[in-house]
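These notes are about the structure you will find just below.
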Number of protein chains: 2
Amino acid sequence: MITTQAYAHVCAKPKKHVDKTPMTKSGPGIKTQNITSADVARLAGVSRSTVSRCFKKDSRISDNTRKRVLEISDQLGYQVNKLARSMSTKESDLVGLVSSGLHDPFAVILVDQLISTLQKMGLHPILLDASNETQLDISIKKLAQYQVKSIVITSGSPSSSIGAKFINRDIPVILLNRAGQLDQANLINCDNQKGAMLAAQALIDAGHKKLAFINSSFSTFSGVSRRDFFEQTLALKTSTGDVTLEKINVDETGYEAGFKAALKTLSQPDHPTGFFCATDNIAFGFMDAARYEMGKKIPDDVSVIGFDDLPLSARPTYDLTTIKQCPNDLAKAVAECIDKIDSTSERTRKIIPVSLIKRKTITAPPQEPSGKPSLKD
Amino acid sequence: MITTQAYAHVCAKPKKHVDKTPMTKSGPGIKTQNITSADVARLAGVSRSTVSRCFKKDSRISDNTRKRVLEISDQLGYQVNKLARSMSTKESDLVGLVSSGLHDPFAVILVDQLISTLQKMGLHPILLDASNETQLDISIKKLAQYQVKSIVITSGSPSSSIGAKFINRDIPVILLNRAGQLDQANLINCDNQKGAMLAAQALIDAGHKKLAFINSSFSTFSGVSRRDFFEQTLALKTSTGDVTLEKINVDETGYEAGFKAALKTLSQPDHPTGFFCATDNIAFGFMDAARYEMGKKIPDDVSVIGFDDLPLSARPTYDLTTIKQCPNDLAKAVAECIDKIDSTSERTRKIIPVSLIKRKTITAPPQEPSGKPSLKD
DNA sequence: TTGAATTGTGCACACGTTTGCACAATTTGG
DNA sequence: CCAAATTGTGCAAACGTGTGCACAATTCAA
C-alpha cells in the first residue's frame, strides 16, 4: 500500500533535535538558492519554528537563542519571504494603487503623498496604470491576485460588475476624489461644493457679471462636480439675469484644454471676464493662451481662478488665485481608512476641507467691453 | 509509532476520484473565505491539478474540461493566487521601482514611462520612496522580501555592503541615470557627455565668452556628470583665457536651486551671460528669478540652456532651449534589460542618445557689460 | 485481437512561513 | 520533596499553487 519513499520518511522515528531541513543544494546552477529560515535554523541548531518566532515581538523565546538566531540571520543576509508569510497568515502588506498615469500634476502630488504615507505604515503600493474603464477592471483583477490588503483608486471608477465580484468579497476599495456609484466602497473627497462656492464668491465679489467655467470634456467626477456646484451657487443670480454663466468643455485634457478654451472663448467680442477653471493645470493653459496668443492682460482683461493649488501656481509666472486642496490631508484620510479597515465593516465617508488662496489673477472687470478702450481712467 | 490522526489519513486508501478538498467553511465570519482552485475543482468535478493546468497554454487538457473549468472559474470570480504561484514556481511578476519621491519632474515622467512599459510586459512595480542612502538600503531589503524579479533604481546608489549581500545573490539591479560603483548592476544612462558638449557648443556658437554651470549641491550623478563633461568640453578655450567658466552650486534642489542661483549670480556686475543648467527644472527657477526678481530679459540679457526637455519647456512662458533625453527610450532599455535577465548573466551597459532642441532662450550676448546700456543699436 | 503509442487526469510533494499543541526543563509554592 | 505553574522549543499541519510521475482510457498500428 505504501509505495513512495516519502511515506517511509514521514513515518520514520523522529530524530533527536533536528527537524527535516533538506540541505539547500549548492549545485553548479548560476542562480544560487535563496536563504530560508531552514538555513539559519540549521546553523543556529534550532528548529524553523524558533527562527520564525525570533522575528516576532511577543514570542516566548529565550534572550540567548533570539540573539544567536538574529545574529546568524544577519550574517547570512536572511530576509523573511513575505510571500510565504502572507500565505500562512493570510495578511498582506501590499496595497494596490491605481492611477491614470502621471500626466495630471495633481495626481502626481497625490500619488507621491500616498506612497510615502503608506510606506510609513509599513505598506507597499503596487502601482498600476488605468487609463480607461476596462483597464481599471483588469487592474483590479490583477491586484486581487496579489491578495492586496486594499485598493486605492485615484482615477476612474470600477464597473459595478467587477465591484460585485471582487470588492464585495473581501478587498476593501477606497475611492479618492471619485464618483461613488459603488456604495460598498470607501469614499474620500475634497470639498468640491465649498470650493466651487468660494470660487463663485471671489469672482462675484470682484464685480464680475459674465462668468465661465472651463473644463475638459474628458474630465471625470471632480470636474463635473465642481461645475455643478458652481452653477448651483450662482443659480439665484443667473435666474435674475444679473449674472451669466458659460460652461465650456474642450476635447483635450489639462493644459491643452485650457489653452484651446482660451483661443475659442476670448475671440468672441463680448466674452466672459471671470473664469473658473476646473483645475490649476487647465488654468495654466488658459492663461498662456490668453496672454501669448490673444494678447490679454491678466488680471486686467480677464480674471482667472483655479482649483488644486499646485506648486506652479505660486510661482511668479502664474501667481494664480485658486482653491487649495491638500493632498497630504487626503493621504492621511486614506491611512486612517486603511487602519480601521479590518476592525470595522462600516464604510468611510469623508470630506476634506478646501480653502481660497488669494493671489494675483483676480481683479475687477474692465469698465468697457473689450475692443472699445475706455476713455476715462 | 504512528500517533497522530494525520498519519492515518495520509496512509489511508485513496478514495475514488475526489482528492481531499476540505469544504471552505462558510461560517458566520464577516470576511468570506477566498475562492481557491479547490472550489472550482469541486464544482467542476475535477482535481486541483486540472484546474491549475487549465490556466496554462501548453498543458494537455481536453477542450471540454478546459472550457468547463474556465467557465466555472469566471462564474465564481476565481483569480489565481499569485503569491502561492510564486512560491511554487519561484518566479515573480513583481518588480521593485525605487525613486526619491516624485518631486523632480523628470523623475515623474520617467517613472510614468516605466510603469506603463512594465505593465505591458505583464510586470507589476512595487514603488518605494528612497530619499536618502540608508532609506535606499532598507528599500532594497524590503523588495528582496517580496522576491521581486528585479529592482530598478532611479535615485541614489545602493551601498556596496547591501550590494554584496543582495544584489550579488540573485536579484538583478538596474541603475537608471545613476553612478555605478556597483559593477554587478546593470547600467543605463543618457548620454551626458554628448549633451554637455551640445550645450557648450550652442552657447559658444552664439558668441558667449562668460559661461556658467548651475547645479544643486545635492545633485547626484547626472548633474555632476554633466558639469564634468561641460568643463571638459570647454577645457581648450578656458585654458587660453578665451572663455571663462563659473561653476555654481546652490544648497537647494530643482526650481529653488535655479532661483537662488540667479539671485546670487546676476547681482554681480560682470556676471556670466551664458548659462547651462543641470536640469530644465533648475532653468525654470533661474529664468523666473532672472526675469521677475532681477529684471533681466531672456535671451537678450542672458542666454539659458537646460537639460531634459520637459513638457513645460516647450510652453510659451519658458520656450527653453534644452538637451532632450527621451524617457521612453530609457524605459525601453530597462524592458530589454529585464527581458534578457534570466537568459544571460552578462551586465547591460547602455547609453541613450540625446539631442539639442533649439528654442528661444539663446542668442548673442549683449554688446556692453550689463549695467552700462549700449548707446548704439 | 493484442501491444504500443497517445491523451487526459489524479496523487503527492514542494515552495517557505506561521502557529496550535505537546512536552521537556526549569522554577515556584506549600 | 512533590505538585503546579512557567518557560522554551519542536512537531506537524496549513496556506494555495505547480508539476513529475503514475496510471486509466482511448486511439492506432499490425
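What you see is a predicted model; the values in this text were computed from it and never measured. Throughout, protein chains are lettered first and strands after them, A, B, ... in sequence-line order, and every chain is numbered starting at 1.
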| query | Mapping R66(B) and T50(A) onto DNA chain C by nearest heavy atom, which one lands closer to the 5' end? | reply | R66(B)
| remark: Of S62(B) and T89(A), the one whose nearest nucleotide on DNA chain C sits closer to the 5' end is S62(B)
| said: Tell me whether the count of non-hydrogen atoms from other residues, nucleotides or ligands lying under 6.0 Å of CG in D339(B) goes above 12. | reply: yes
| request: Would you kindly check whether a donor in the side chain of S49(B) faces an acceptor in the base of dC11(C), or vice versa, at under 3.5 angstrom? | output: yes
| said: Using only modelled atom types and a 3.5 angstrom limit, is any donor from either the side chain of R53(A) or the base of dG10(D) paired with an acceptor on the other? | reply: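 Checked by distance alone, the answer is yes.
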| field | Flag for S52(B)-S49(B): side-chain donor and acceptor within less than 3.5 Å | value | no
| With sugar-phosphate meaning primed atoms plus P, OP1 and OP2, does K82(B) contact a base, only sugar-phosphate, or nothing at under 4.0 Å between heavy atoms? | nothing
| query | Counting any heavy atom closer than 4.0 Å, what does S37(A) reach on the DNA or RNA strands: base, sugar-phosphate only, or nothing? | reply | sugar-phosphate
Rounded distance in Å - [atom1] ([X]) to [atom2] ([N]):
{"X": "Q79(B)", "N": "dT17(D)", "atom1": "CD", "atom2": "P", "result": "11 Å"}
{"X": "R48(B)", "N": "dA12(C)", "atom1": "CZ", "atom2": "C1'", "result": "10 Å"}
{"X": "I61(A)", "N": "dT7(D)", "atom1": "CD1", "atom2": "C1'", "result": "10 Å"}
{"X": "M87(A)", "N": "dA13(D)", "atom1": "CE", "atom2": "P", "result": "17 Å"}
{"X": "Y146(A)", "N": "dC15(D)", "atom1": "OH", "atom2": "P", "result": "22 Å"}
{"X": "R68(A)", "N": "dT9(D)", "atom1": "CZ", "atom2": "C1'", "result": "12 Å"}
{"X": "Q147(B)", "N": "dG18(D)", "atom1": "CD", "atom2": "P", "result": "17 Å"}
{"X": "N34(A)", "N": "dG16(C)", "atom1": "CG", "atom2": "C1'", "result": "10 Å"}

| field | Out of dT9(C), dT17(D), dA14(D), whichever nucleotide has its closest atom nearest the side chain of A84(B) | value | dT17(D)
| task | Consider the side chain of K56(A), meaning its heavy atoms from C-beta on, and name the nucleotide among dG18(D), dT19(C), dG16(D) that approaches it most closely. | result |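 Shortest atom-to-atom distance from the side chain points to dT19(C).
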| Quick one: are L127(B) and V111(B) in side-chain contact, heavy atoms under 4.5 Å? | yes
| request: State, with a plain yes or no, whether a side-chain heavy atom of Y146(B) is found less than 4.5 Å away from one of I126(B). | output: yes
| request: Assign each of R60(B) and N81(B) to its nearest nucleotide of DNA chain D by heavy atoms, then name whichever residue's nucleotide is nearer the 5' end. | output: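 Taking each residue's closest nucleotide, the earlier one in sequence belongs to N81(B).
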Verify the contact: side-chain N or O of [X] to OP1 or OP2 of [N], cut-off strictly under 4.0 Å; return yes or no.
{"X": "K90(B)", "N": "dT17(D)", "result": "no"}
{"X": "T65(A)", "N": "dT9(D)", "result": "yes"}
{"X": "S47(A)", "N": "dG10(D)", "result": "yes"}

| said: Donor-acceptor check, side chain of T50(A) to backbone of V46(A), threshold 3.5 angstrom: yes or no? | reply: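 Answer holds: no.
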